[in-house]
Amino acid sequence: MKVRLCKRRRAALVAEGGCRRCAYRKRAEGDFLCERCREDRDIERAQKRQDAQDAAVIDEFAAKPDRAREPSNLDCGVSPWNARPKPEPSAAYWSPLPDPEPKDDASYCTSFAF
């Protein structure tokens with residue numbers, strides 16, 4: 001009995017210009033919802049959109065094949081016994097470069113003895 005009265009009261013309030021969702025607050029200009037209900041509706045829509053995006057990401061992740069880890073060199077057929085040896089730096093790598101000879105002043109190359 002009370003439900004019918006509530007529905008009638010809400011219908012009467014909506015007919016007088018109340019919000020279609022809550023029926024108690026005045027509708028916004030050119031809209032059928034009040035400001036507060038419109039904000040609530042926008043929040044609900046944004047949440048539904050985010051939930052749909054999250055579900056799509058989860059589905060995409062679930063569709064990938066199960067891999068516990070990345071494949072290592074051993075999985076690819078490279079072992080410590082058949083792998084190339086690591087390059088070792090030679091003595092030339094560590095020794096300093098010789099000083100370049102100055103080409104413009106080569107007077108020290110000539111002899112003073114006549």
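Please read all numbers here as calculations on a predicted model, not as lab measurements. In this chain, residues are counted from 1 in sequence order.
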*Asks:* Any pair with a residue in residues 33-53 that passes salt bridge (Lys or Arg N to Asp or Glu O under 4.0 Å), sequence neighbours left out, goes on the list, sorted by first then second residue, please.
*Replies:*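 Matches after skipping sequence neighbours: Arg21-Glu44, Asp31-Arg38, Glu35-Arg38.
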
*Asks:* In the hydrophobic clustering that connects Ile, Leu, Val, Met, Phe, Trp and Tyr at side-chain heavy-atom distances below 4.5 Å, which members other than Leu33 occupy its cluster, ordered by chain and number?
*Replies:*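 Besides Leu33, the cluster holds Phe32.
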
*Asks:* Looking only at heavy atoms, what is the nearest atom pair of Cys34 and Cys19, with distance?
*Replies:*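 Nearest heavy atoms, Cys34 then Cys19: N-SG, 3.3 Å.
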
*Asks:* For Glu16, check side-chain hydrogen bond (donor to acceptor under 3.5 Å, both in side chains) against everything at least two apart and list the hits.
*Replies:*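 Applying side-chain hydrogen bond (donor to acceptor under 3.5 Å, both in side chains) to Glu16 gives none.
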
